[in-house]
Enquirer: 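Dumping the structure here so I can ask a few things about it.
Just so it is clear, the values below take in all heavy atoms, side chains as well, and ignore hydrogens, waters and symmetry mates. Source: prediction; values computed, not measured.
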Amino acid sequence: MDTSKKYILALDQGTTSSRAIIFNHDGKPIASSQKTFTQHFPQSGWVEHDPNEIWSSQASVAAEVIAQAGLSGLDIAAIGITNQRETTIVWERETGNPIYNAIVWQDRRTASICDDIREHHATTIHKKTGLIVDAYFSATKIKWILDHVEGARARAERGELCFGTVDSWLIWKFTRGRHHLTDVTNASRTMLFNITTLEWDEELLRLFDIPRAMLPEVRSCSEHFCDTASTLFATHIPICGVAGDQQAALFGQQCLHEGMAKSTYGTGCFMMVNTGNKPVISENNLLSTVAWQINGETTYAIEGSVFVGGAAIQWLRDGAGIISSSEQSESLALSVENNGGVYFVPALTGLGAPYWDQYARGTIIGITRGTTAAHITRATLEAIAYQVYDVLDAMREDSGCLINELRVDGGAVANSFLMQFQSDILGGKVIRPAILESTALGAAYLAGLAVGYWKNTEELSLQQKVDRIFEPKMERQSAERYLLKWRKAVERAQDWVDLDDEQ
């Protein structure tokens, strides 16, 4: 392929915004466009998106970024798609109209369904899917829609409805309903996919009462999925790379060998460690998942998900009104010598790995007359680092790997205070890349490999550039003392609902 005039378009559909980035052959972004969309909170613990707004925002930034770069569809060698995972959309096969809003991965409405299923089926589900029974995943969200939207279950059984995570929804819309597809990484996050056989699991479909006809065809992460319809672009562009956002980030960071780990600091924090060509079932409440599949070879990972990472900083800004911008958090945290004894457990949507406590609530303790906005801000940033540490500590036990360095990406890694504190608490290196768009870059790499834009992963690894390496400055004894107080704060956050029930 003549790559001199060709580029890769990466579509990064996230929880709060849709982005499009064009990468050149050196793996550098040459243009980007981003658009936020509305977050809907119909009830406490419910989080929804409008599927049509997801589509319109993603389609518009795709068109905008090509125009911004002075290109046309003819200049795009392939499209890579990465997306918020687990978020669940059900739509009509004939019209393409959603029958309900997208239920977002953060949504907790199906917690009681999970409680019932967990009692008898937790071991089976964990063994087959690598997942913990939790409202986080797609299966109970699909079940809820089928049970609560009038006529939905009967229509699904007649084959009239489609289910998809956001990647499937975008592919459906980009092809005007000609293709209903997903990839192995997104499928592995539904709680319906057997990660050993790499197929939809009939036993699990019966357990959740979900008709097989709703589900998309599962493909590898790097292959020709389909071509876009010519309604958005003047030409047909091949869609050749698809992966859930965290798997795409792991690939974008080139964590290609067993024991290599990354953490993405976005709305939540998501850590993954490459575990090689066989799934490792966690003994420490972590998730086993498909990292990627390329050329018939499947790579697995252990993952830990922190529900509230960057969202805690957003809460400081939009909920508490303590800061006026996310960028202000770093300077404010540095304006005080320490956290003043304040600890914040940001369990605003429950606690994810390794606790998996969907009933935990956000808790701030240690407040005195001397506590200031700066102390609370610093405690918020430190809480993000503590949560990441808890997951990585469990990963070390599960994988048997030391994991003495962590590759990082996502918006919050621009905060150098956070990255230094993360290194101090971990007792290891934190490596911040020169290009922070690891998620979009991973999707671009997967698409480019499929069309020969890049020859192999060795070529990709040569493109990796480091912005800064953070190394521990804190004495380990001090770090352990901080961690002990953090864990006591977590216990308080977990006890809160129990105390409420006792009244």
Enquirer: Using a 4.5 Å cut-off on heavy atoms from C-beta on, say whether the side chain of F37 contacts that of Q39.
Expert: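 They are in contact (side-chain heavy atoms under 4.5 Å apart), so the answer is yes.
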Enquirer: State the CD1-OG1 distance between I113 and T140, to the nearest 0.5 angstrom.
Expert: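 Interatomic distance, I113 CD1 to T140 OG1, rounded to 0.5 Å: 5.5 Å.
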Enquirer: Compare every heavy atom of I8 with every heavy atom of G448, then report the nearest pair and how far apart it is.
Expert: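 Closest heavy-atom pair between G448 and I8: CA-CD1, 3.9 Å.
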Enquirer: Before we go on, tell me: are the rings of W169 and W91 under 6.0 Å apart, centre to centre?
Expert: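 Aromatic pair counts; centres sit under 6.0 Å.
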Enquirer: Strictly distance-based, threshold 3.5 Å: is any side-chain N or O of Q422 a donor or acceptor partner for the main-chain N or O of A385?
Expert: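 Yes, because the side chain of Q422 sits within donor-acceptor range (under 3.5 Å) of the backbone of A385.
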Enquirer: Taking the side chain as everything from C-beta on, heavy atoms only, tell me whether L170 gets closer than 4.5 Å to W55.
Expert: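 Yes. Closest side-chain heavy atoms under 4.5 Å.
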Enquirer: Are S18 and Q34 close enough that a side-chain donor and a side-chain acceptor fall under 3.5 Å?
Expert: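 Result is no, nothing qualifies.
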Enquirer: Cation-pi between R108 and W46: NZ/CZ under 6.0 Å from ring centre and within 45° of the ring axis?
Expert: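 The answer is no; the distance or angle limit is not met.
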Enquirer: Among side-chain atoms of S33 and E64, is any donor-acceptor pair under 3.5 angstrom?
Expert: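 Indeed, the side chains of S33 and E64 share at least one donor-acceptor pair under 3.5 Å.
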Enquirer: Donor-acceptor pair, distance only, cut-off 3.5 Å: does the side chain of S423 make one with the backbone of F470?
Expert: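 Answer holds: yes.
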Enquirer: Would T175 and D227 count as a side chain to side chain contact (heavy atoms under 4.5 Å, CB included) if you check the C-alpha gap in whole Å, the side-chain angles of each, and the deciding distance to 0.1 Å?
Expert: CA-CA 7 Å; T175 63; D227 293 338; over 6 Å; no
Enquirer: Just checking F344 against W315, ring centres under 6.0 Å apart?
Expert: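 Under 6.0 Å, so yes.
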Enquirer: What's the spacing between Q84 CD and Q106 CD if we round to 0.5 Å?
Expert: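 So the CD of Q84 and the CD of Q106 are separated by 8.5 Å.
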Enquirer: Would you please say whether a donor-acceptor pair under 3.5 Å links the side chains of R19 and Q13?
Expert: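 No, no side-chain donor-acceptor contact under 3.5 Å.
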Enquirer: So, T289 and S188: side-chain donor and acceptor under 3.5 Å apart, yes or no?
Expert: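 On atom types as modelled, these side chains qualify, holding a pair under 3.5 Å.
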Enquirer: Could you state the interatomic distance from OG1 (T15) to NE2 (H49), rounded to the nearest 0.5 Å?
Expert: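 Separation between the atoms: 6.0 Å.
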Enquirer: Find out whether R378 and F417 are in side-chain contact, i.e. whether some heavy atom of one side chain is under 4.5 Å from a heavy atom of the other.
Expert: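 In contact.
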Enquirer: Any ion pair linking D409 and K262 (charged N to carboxylate O, less than 4.0 Å)?
Expert: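 Here K262 does not pair with D409 in a salt bridge, since their nearest N and O are not under 4.0 Å apart.
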Enquirer: Could you tell me if T299 and E297 have a donor-acceptor pair between their side chains, going purely by distance under 3.5 Å?
Expert: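 There is no such pair (donor and acceptor under 3.5 Å, judged by atom type) between the side chains of E297 and T299.
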Enquirer: Side-chain contact test, heavy atoms from C-beta onward, threshold under 4.5 Å: evaluate it for K6 versus I76 and give yes or no.
Expert: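 Sidechains of I76 and K6: no contact.
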Enquirer: Would you confirm whether the ring centroid of F270 sits within less than 6.0 angstrom of the ring centroid of Y265?
Expert: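 Centroid separation for Y265 and F270: 6.0 Å or greater.
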Enquirer: How many angstroms lie between CZ in R468 and CE in M419, if you round to the nearest 0.5 Å?
Expert: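 That separation rounds to 10.5 Å.
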Enquirer: Would you tell me whether T264 and Q246 have side-chain atoms, one donor and one acceptor, within less than 3.5 Å of each other?
Expert: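 Present: a donor and an acceptor within the cut-off.
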Enquirer: Are side-chain N/O atoms of D390 and W486 paired as donor and acceptor at under 3.5 Å?
Expert: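 Yes, W486 and D390 have a side-chain donor paired with an acceptor closer than 3.5 Å.
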Enquirer: Does a side-chain heavy-atom distance below 4.5 Å link L406 with V388?
Expert: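 They are in contact (side-chain heavy atoms under 4.5 Å apart), so the answer is yes.
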Enquirer: To the closest 0.5 Å, what do you measure between CZ (R219) and CZ (F225)?
Expert: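 It comes to 6.5 Å.
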Enquirer: About how many Å separate CE of M271 and CG of L392, when rounded to the nearest 0.5 Å?
Expert: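 L392 CG to M271 CE: 6.0 Å, rounded to 0.5 Å.
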Enquirer: A side-chain contact here means heavy atoms from C-beta on lying under 4.5 Å apart; do I79 and I81 qualify?
Expert: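 Yes - at least one pair of side-chain heavy atoms lies under 4.5 Å apart.
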Enquirer: Hey, is D26 close enough to K28 for a salt bridge, meaning N to O under 4.0 Å?
Expert: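 Result for this pair is no, no salt bridge flagged.
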Enquirer: Just checking W105 against F137, ring centres under 6.0 Å apart?
Expert: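 No.
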Enquirer: Can you check whether Y343 reaches V490 side chain to side chain, under 4.5 Å on heavy atoms?
Expert: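 Not touching, per the 4.5 Å side-chain cut-off.
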Enquirer: Before accepting this row, confirm whether a basic side-chain N of the pair K141/E48 lies closer than 4.0 Å to the acidic partner's carboxylate O.
Expert: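 Salt bridge absent between K141 and E48.
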Enquirer: Do F251 and W292 make the cut of ring centroids closer than 6.0 angstrom?
Expert: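 Yes - the distance between ring centres of F251 and W292 falls below the 6.0 Å cut-off.
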Enquirer: What do you reckon, is CG of D318 surrounded by more than 12 foreign heavy atoms closer than 6.0 Å?
Expert: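 It does: D318 CG has more than 12 such atoms within range.
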Enquirer: Could you tell me whether the side chain of H126 reaches within less than 4.5 Å of the side chain of I132, counting heavy atoms only?
Expert: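 Side-chain contact under 4.5 Å: yes.
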Enquirer: Checking N456 now: which residues fulfil side-chain contact (heavy atoms from CB on, under 4.5 Å) with it, not counting sequence neighbours?
Expert: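 With neighbours one apart ignored, the set is E458, E459.
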Enquirer: Would R487 and Y386 count as a cation-pi pair here, with the cationic atom under 6.0 angstrom from the ring centre and within 45° of the axis?
Expert: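 No.
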Enquirer: Which heavy atom in T377 sits nearest to a heavy atom in A333, and how many Å separate them?
Expert: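 Shortest heavy-atom separation between T377 and A333 comes out as CG2-N, 4.4 Å.
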Enquirer: Do D245 and T82 have side-chain N/O donor and acceptor atoms under 3.5 Å apart?
Expert: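 Per modelled atom types, D245 and T82 side chains form no pair under 3.5 Å.
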Enquirer: For a ring pair (Phe, Tyr, Trp, His ring centres under 6.0 Å) check, start with the C-alpha distance between Y453 and Y7, then their side-chain angles and the critical distance, and finish with the verdict.
Expert: CA-CA 9 Å; Y453 187 79; Y7 301 87; 7.9 Å; no
